[in-house]
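Lettering of chains follows the sequences in order, A, B, ..., and the numbering in each one begins at 1.
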Amino acid sequence: MAGFKPVNPPKQMERQPNKVLWNLVFGLILFVVGLGLYKSSQSIDYSWRWERLPEYILYKSDNVVRAQFDGTVSITADNTVILTDDFDANNIQQVTEFQSSLVYDGDLVFEGDPLTSTVAWKAGPLLDGLVMTLKLSMVALVFALLLGSLTGLARVSPNPALKNLAIVYIELVRGTPLLVQIFIIYFFIGTVLNLDRFTAGATALAVFTGAYIAEIIRAGIESINKGQMEAARSLGMDYNASMRYIILPQAFKRVLPPLAGQFINLIKDSSLVSVIAITDLTKAGREVISVTFSPFEVWFTVALMYLVLTGLLSFLVTRLEKKYALHG
Amino acid sequence: MPSTADTEYIIQAENVDKIYPNGHHALKSVSQNIREGEVVAVIGPSGSGKSTFLRTLNQLETINGGEIVVDGISLTTPGDVNKLREEVGMVFQSFNLFPHMTVLDNICLAPMKVRGLSRSDAESRSQQLLQRVGLSDKAGSFPGQLSGGQQQRVAIARALAMQPRIMLFDEPTSALDPEMVGEVLDVIKSLASEGMTMVIVTHEMGFAREVADRVLFMEAGELVEDDPPEVFFNNPESPRLQAFLNQVL
Ligand SMILES: Nc1ncnc2c1ncn2[C@@H]1O[C@H](COP(=O)(O)OP(=O)(O)OP(=O)(O)O)[C@@H](O)[C@H]1O
Ligand SMILES: [Mg+2]
């Protein structure tokens with residue numbers, strides 16, 4: 001191939017859209033839509049206060065330690081503030097871990113006076129909610145994958161008991177709304193088994209998602225050419241070995257994209273658990289609105305935070321797909 | 001009913017009936033006995049039941065009537081079907097190599113998982129077989145990187161790695177470009193010369209005439225003719241076979 005560089009753009013018969021022009025059109029449409037949103041937000045009677053939002057995500061907390069009684073301060077060489085009661089030398093208050101001392105050696109302080117302060121970054125309610133959503137989704141994801149894989153295998157199994165159990169489970173879950181399942185699991189099963197909110201929420205999400213994963217797994221297995229199983233069986237391998245070494249490794253690659261979609265759904269569906277008072281991202285959003293009275297800013301922010309989670313997941317799965325894309 | 005012991009036949013099929021779940025009567029009372037070391041070619045029009053018959057011999061298809069005994073194992077008596085399949089290799093029209101594995105792993109897998117060979121033993125056996133089918137340099141390739149003829153030769157090596165006593169071929173060259181047919185047929189011929197028992201469904205008349213000890217003609221689910229090749233091709237008895245040969249030759 002020496003001396004022949006690929007021509008850019010490729011030479012071909014079919015007319016191709018003008019890349020520059022249409023990218024400009026795309027940018028223009030985005031701009032117009034954005035402008036429209038901006039204009040309409042100006043026209044309604046709503047005062048935007050974006051500046052108030054950040055503190056609900058991350059804020060600086062000033063942790064001040066105050067004197068518990070009247071007394072005299074002494075500061076030791078290893079930077080410990082010691083407050084001694086003037087009337088009872090045995091009554092002392094010690095502060096060791098702090099950033100800055102607000103008193104000097106020998107100061108006389110009264111009860112309630114600040115002694116030291118420590119400034120630290122703390123997660124606001126929205127970030128706490130995001131972490132809860134992530135935790136809930138991850139726990140549910142692990143169990144949904146387990147449940148879904150087993151059910152998917154049972155669904156294609158020649159054993160009627162396994163197969164029918166799988167069908168009943170899948171149909172029950174797919175035929176009822178997630179919200180109703182959450183209520184049933186929390187109020188009924190949760191009461192019987194004494195489950196806490198988080199366990200009930202994660203269980204509901206895992207049970208719900210598991211059914212969809214089972215269908216994805218089944219479709220993946222059935223998409224593998226019948227000849228693969230026949231070839232494996234004709235070599236004397238039993239059903240389980242054929243599944244394990246031949247069918248499942250090939251099915252795995254095919255189910256990655258739909259699985260990723262289901263995982264993203266799981267993260268979004270997790271917003272429904274706020275109905276059983278789990279403070280996930282959505283419920284945190286509602287709570288922040290009730291103190292800031294800035295619903296628009298909060299919902300946009302919440303949406304963006306969900307996007308970050310789902311976007312991250314998409315990115316990870318795309319990398320996994322690339323890694324397994326080779327051969328078959 | 002053939003007795004399972006003291007018999008000179010390695011494959012005995014008696015009055016085999018096959019009716020597919022959709023009601024299609026694919027095999028109608030087919031009987032056939034094959035000796036050890038015999039090479040039998042099966043010929044017939046499309047849809048006549050050739051593949052179905054072949055696949056009943058390692059129970060990829062179950063039968064609805066009659067009896068099949070292969071290598072002393074009755075296929076209608078409850079037992080371990082995997083034991084039977086260890087002794088009966090099969091080569092498919094569409095190769096059916098495992099696309100996610102290298103050529104070497106394709107061949108090694110069953111000997112390791114079924115026969116319990118160590119990896120090094122399985123690999124040296126596989127290398128020998130690859131050499132025999134002329135593909136020593138392809139051990140590390142994936143099936144998708146090979147031509148059809150090469151894939152089919154790997155498929156034959158994969159079946160041989162189990163050291164079967166019988167080989168079944170279902171139109172092994174039908175999916176190949178004409179220039180690749182020869183390389184696959186050569187491998188099968190060499191097997192024949194070593195005395196492997198083989199049943200070969202094929203449309204290659206010249207090949208059937210050359211390697212087969214007997215040629216069967218099937219039509220509409222029936223076994224119509226069973227002759228040595230000279231008789232089959234030169235003096236066929238049944239008018240249906242005469243008509244068929246007139247069409248294809
Ligand atoms: N799984 C199946 N279910 C229902 N009918 C089937 C099935 N497999 C094959 N048949 C039918 O049984 C008949 C025999 O099929 P078979 O594949 O044995 O024919 P064949 O002689 O191998 O033909 P070809 O030369 O085209 O491969 C055909 O009419 C076919 O339509
Ligand atoms: Mg066929």
Side-chain angles (χ1 to χ4, degrees), chain A residues 1 149 152-153 155-160 163-164 167 216-260 317-328, chain B residues 51 54-55 57-61 80-103 105-116 140-146 151 154-170 175:
Chain A
M1 303 272 196
S149 307
L153 285 175
R155 180 69 184 74
V156 296
S157 153
N159 182 324
K163 185 173 171 166
N164 289 330
I167 292 177
I216 290 172
I217 303 274
R218 177 185 68 86
I221 290 172
E222 285 178 353
S223 77
I224 304 300
N225 190 319
K226 225 169 95 267
Q228 291 289 308
M229 181 57 107
E230 286 182 351
R233 297 304 307 270
S234 77
L235 287 165
M237 294 203 276
D238 62 21
Y239 177 85
N240 289 337
S242 308
M243 269 289 175
R244 174 162 164 212
Y245 298 110
I246 306 305
I247 306 298
L248 291 183
Q250 295 183 61
F252 176 70
K253 287 176 217 170
R254 297 215 186 150
V255 300
L256 267 183
L259 270 189
V317 174
T318 314
R319 288 214 2 203
L320 208 62
E321 263 174 66
K322 287 221 180 85
K323 189 174 152 197
Y324 289 106
L326 258 56
H327 312 298
Chain B
S51 300
L54 197 71
R55 291 158 58 85
L57 298 181
N58 66 349
Q59 203 149 91
L60 282 184
E61 300 291 354
D80 186 359
V81 72
N82 300 314
K83 278 272 162 292
L84 162 83
R85 290 177 179 150
E86 286 175 29
E87 309 304 327
V88 185
M90 184 159 209
V91 174
F92 301 85
Q93 180 175 352
S94 49
F95 328 136
N96 294 344
L97 291 180
F98 308 133
H100 59 299
M101 294 179 174
T102 62
V103 163
D105 287 341
N106 263 275
I107 304 175
C108 285
L109 183 70
M112 283 164 59
K113 300 301 170 197
V114 180
R115 294 261 196 235
S141 304
F142 282 86
Q145 300 166 330
L146 303 184
Q151 289 190 54
V154 172
I156 295 173
R158 180 177 68 178
L160 290 176
M162 286 296 289
Q163 301 186 326
R165 303 193 57 199
I166 301 167
M167 286 285 283
L168 309 176
F169 293 85
D170 191 359

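Here the side chains of A/R155 and A/I167 are in contact, with some heavy-atom distance below 4.5 Å. Side-chain contact check for B/V154 versus B/P143: every heavy-atom pair is 4.5 Å or farther apart. Between A/M243 and A/N240 there is no side-chain heavy-atom pair separated by less than 4.5 Å. Residues B/L57 and B/I166 have side chains not in contact (no heavy-atom distance under 4.5 Å, counting atoms from C-beta outward). Annotation: side chain of B/R55 is not in contact with side chain of B/L168 (no heavy-atom distance under 4.5 Å). Side-chain contact between B/M90 and A/E230 is absent, with no heavy atoms from C-beta onward closer than 4.5 Å.
Looking at B/R158, the atoms closer than 4.5 Å to chain A (heavy atoms on both sides) sit in the backbone and in the side chain alike. Only the backbone of B/L97 comes within less than 4.5 Å of a heavy atom of chain A; no side-chain atom from C-beta onward does. For B/F98, the parts sitting under 4.5 Å from any heavy atom of chain A are the backbone and the side chain alike. For B/V91, no part lies near chain A; criterion is any non-hydrogen pair under 4.5 Å. Only the backbone of B/V88 comes within contact range of chain A, with at least one heavy atom under 4.5 Å from a heavy atom of that chain.
The contact list for residues 216-227 of chain A toward chain B, using heavy atoms and a distance under 4.5 Å, reads A/G227 by residue number.
Taking the ring-ring contact (aromatic ring centres under 6.0 Å, His included) definition, one finds that A/Y239 meets it with nothing, sequence neighbours left out.
There is a side-chain donor-acceptor pair under 3.5 Å between B/D170 and B/S51.
No other option in B/V81, B/N58, B/D80, B/N96 has as many heavy-atom pairs under 4.5 Å with chain A as B/N96.
How far OG of A/S157 is from NZ of A/K163: 8.5 Å, rounded to the nearest 0.5 Å.
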